[in-house]
Each structure stands twice: as C-alpha cells, then as structure tokens.
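FYI, side chains are in, hydrogens and waters are out, and symmetry mates aren't considered; it's all heavy atoms of this structure.
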Amino acid sequence: MTGPTKAVVIIALAVIVMVSLNIAMWRRMRAGLVAAKADQAANPALFDQDGARIP
C-alpha cells in the first residue's frame, strides 16, 4: 500500500471505531434512563416532585 492509500485506510478505520463507540455509549445511556424511570415508577416515595432521588 502506498502512503496516501494507507493514510486513508487508517482514517477510515478510526472513523468506524469512533462511530461504533458512540453508538455503544448512546445505548448504555438510554438503558440507564429506562432503568431509572422504572425505579422511579416502582418506588415513587424515594423521589421528590422533580424526579430527583430523596437522600
């Protein structure tokens, strides 16, 4: 592989890795939000009117 071709391949692989990490992060964040809402629905006495957990 020549220099410019190698550089393009490396950049393309880096972009693919970053996109897949970003997708994984969003999935974990959405799963956490769903779990927090389920916890709030199951135990409403533990949360105040704004949805924040009461210490």
Run the side chain to side chain contact (heavy atoms under 4.5 Å, CB included) test against V17 and tell me which residues pass, sequence neighbours left out.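 V17 satisfies side chain to side chain contact (heavy atoms under 4.5 Å, CB included) with L21 only.
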Who pairs with I54 by side chain to side chain contact (heavy atoms under 4.5 Å, CB included), at least two apart in sequence or on another chain? D48
Residues sharing M18's hydrophobic cluster, by side-chain heavy-atom contacts under 4.5 Å among ILVMFWY, directly or via others?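 The other cluster members (ILVMFWY side chains, heavy atoms under 4.5 Å, direct or chained): none.
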Side-chain hydrophobic cluster, 4.5 Å single linkage: members besides L46: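 F47, which link up through side-chain heavy atoms under 4.5 Å apart, make up the rest of the cluster.
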Residue pair V34, K37: steps toward the side-chain contact (heavy atoms from CB on, under 4.5 Å) verdict: CA-CA 5 Å; V34 169; K37 285 184 181 181; 5.9 Å; no
Tell me which one of V9, V8, I10 satisfies side-chain contact (heavy atoms from CB on, under 4.5 Å) with K6.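 The single option meeting the side-chain contact (heavy atoms from CB on, under 4.5 Å) with K6 is I10.
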Which residues pass the side chain to side chain donor-acceptor pair (under 3.5 Å) test with S20, not counting sequence neighbours? none
Considering only residues two or more places apart or on different chains, which pairs with a residue in residues 13-32 satisfy salt bridge (Lys or Arg N to Asp or Glu O under 4.0 Å)?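 Listed once each, the pairs would be none.
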